[in-house]
Chemist: 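Once you've had a glance at the structure underneath, I'll fire off some questions.
Numbers here are sequence positions counted from 1.
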Amino acid sequence: MTTVVYILTALKPGVDPDEYERFEREVDYPFTEKLKTVISYRIHRLTEPVPFDGGPWDYIERIEVTDRAAYEAELATSAKDLIDLIHDRYLDETKLKFIWSRRVDP
């Protein structure tokens, strides 16, 4: 069973979306490709408001992982510094919304 997490994110005030997206392409995507628990990872810029409390958000991330517990453990060790950097420099932590799911295969 494949686990997928969707994460709604918002940039901190004053962060240039182009700068954030460049960081994602040049640093975050290459780093994430090396994580053992990540099957696929993509970020999408939202083009319309999301009708959930807690927004507004700027992006949605889709991360497909082999196992939630193993993924969270890998993040806490191998990816901790990168996640801290992303949250310190780019993302408003008060707006993060995690949506965990299991993929339904045909």
Chemist: Taking the side chain as every heavy atom from C-beta outward, state whether I63 and Y71 have any atom pair closer than 4.5 Å.
Modeler: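 I63 reaches Y71 side chain to side chain.
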
Chemist: Could you tabulate the donor-acceptor pairs under 3.5 Å formed by side-chain atoms of residues 85-94, not counting sequence neighbours?
Modeler:
residue	atom	partner	partner atom	Å
H87	ND1	E93	OE2	2.7
D92	OD1	T94	N	3.0
D92	OD1	T94	OG1	2.5
D92	OD2	T94	OG1	3.4

Chemist: To the nearest 0.5 Å, what is the distance between CD (E24) and CZ (R42)?
Modeler: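 With rounding to 0.5 Å, CD (E24) is 10.5 Å from CZ (R42).
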
Chemist: Holding to side-chain hydrogen bond (donor to acceptor under 3.5 Å, both in side chains), I want the full list of residues that pass it with T3, two or more places apart in sequence or in another chain.
Modeler: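 Here no residue qualifies.
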
Chemist: Which pairs, with at least one residue in residues 65-80 and sequence neighbours excluded, count as a salt bridge (Lys or Arg N to Asp or Glu O under 4.0 Å)?
Modeler: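 Checked against salt bridge (Lys or Arg N to Asp or Glu O under 4.0 Å) - neighbours excluded - the pairs reaching residues 65-80 are R68-E72, K80-D84.
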
Chemist: Sequence neighbours excluded, which residues qualify as side-chain hydrogen bond (donor to acceptor under 3.5 Å, both in side chains) partners of T77?
Modeler: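 T77 satisfies side-chain hydrogen bond (donor to acceptor under 3.5 Å, both in side chains) with no other residue.
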
Chemist: If you compare all heavy atoms of F31 against all heavy atoms of A79, which two are closest, and at what distance to 0.1 Å?
Modeler: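 That would be CE2-CB, 3.7 Å.
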
Chemist: If Ile, Leu, Val, Met, Phe, Trp and Tyr residues are connected whenever their side-chain heavy atoms lie under 4.5 Å apart, and connections chain through other members, are I83 and V15 in the same group?
Modeler: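 Hydrophobic grouping puts I83 with V15.
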
Chemist: Do you know which two heavy atoms are closest between A10 and P56, and how far apart they sit?
Modeler: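 Residues A10 and P56, closest heavy atoms: CB-O, 3.7 Å.
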
Chemist: Suppose the criterion is salt bridge (Lys or Arg N to Asp or Glu O under 4.0 Å): which pairs have a residue in residues 29-38, not counting sequence neighbours?
Modeler: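 Output for this query is empty, none listed.
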
Chemist: Do T66 and I39 touch side chain to side chain, with heavy atoms closer than 4.5 Å?
Modeler: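 T66 vs I39: side chains touch.
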
Chemist: Please name all residues satisfying side chain to side chain contact (heavy atoms under 4.5 Å, CB included) with V27, sequence neighbours left out, ordered by chain then number.
Modeler: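 With sequence neighbours excluded, V27 shows a side chain to side chain contact (heavy atoms under 4.5 Å, CB included) to F23, L82, given in chain and number order.
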
Chemist: Nearest 0.5 Å, what's the CG-NZ distance between L8 and K97?
Modeler: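 Going from the CG atom of L8 to the NZ atom of K97 covers 7.5 Å.
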
Chemist: Return the set of residues passing side chain to side chain contact (heavy atoms under 4.5 Å, CB included) with R45 (not counting sequence neighbours), or none when no residue passes.
Modeler: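 Checked R45 against side chain to side chain contact (heavy atoms under 4.5 Å, CB included); matches are P17, D18, E21, Y59.
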
Chemist: Which pair of non-hydrogen atoms, one from K95 and one from W57, has the smallest distance, and what is that distance?
Modeler: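 Residues K95 and W57, closest heavy atoms: O-NE1, 2.5 Å.
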
Chemist: Rounded to the nearest 0.5 Å, what's the gap from OG1 on T9 to CZ on F98? Could you check?
Modeler: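 It comes to 9.5 Å.
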
Chemist: Counting only pairs under 3.5 Å, give me each side-chain donor-acceptor contact of residues 99-106, with atom names and distances, residues two or more places apart or in other chains.
Modeler:
residue	atom	partner	partner atom	Å
S101	OG	V4	O	2.9
R103	NE	D105	OD1	2.6
R103	NH1	E64	OE2	2.4
R103	NH2	T2	OG1	3.2
R103	NH2	D105	OD1	3.2

Chemist: Decide whether F52 and L46 are clustered together by the hydrophobic rule: side chain heavy atoms of Ile, Leu, Val, Met, Phe, Trp, Tyr closer than 4.5 Å, transitively.
Modeler: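 Same cluster: F52 reaches L46 through Ile, Leu, Val, Met, Phe, Trp or Tyr contacts under 4.5 Å.
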
Chemist: Is there a chain of hydrophobic side chains (I, L, V, M, F, W, Y, each step under 4.5 Å between heavy atoms) that links L35 to V5?
Modeler: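 Yes; tracing contacts between hydrophobic side chains, which count when under 4.5 Å, links both residues.
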
Chemist: My understanding is that only residues two or more places apart in sequence, or in another chain, count here; which of them pass side-chain hydrogen bond (donor to acceptor under 3.5 Å, both in side chains) with D28?
Modeler: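 For D28, the residues satisfying side-chain hydrogen bond (donor to acceptor under 3.5 Å, both in side chains) (neighbours in sequence not counted) are T32, Y41.
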
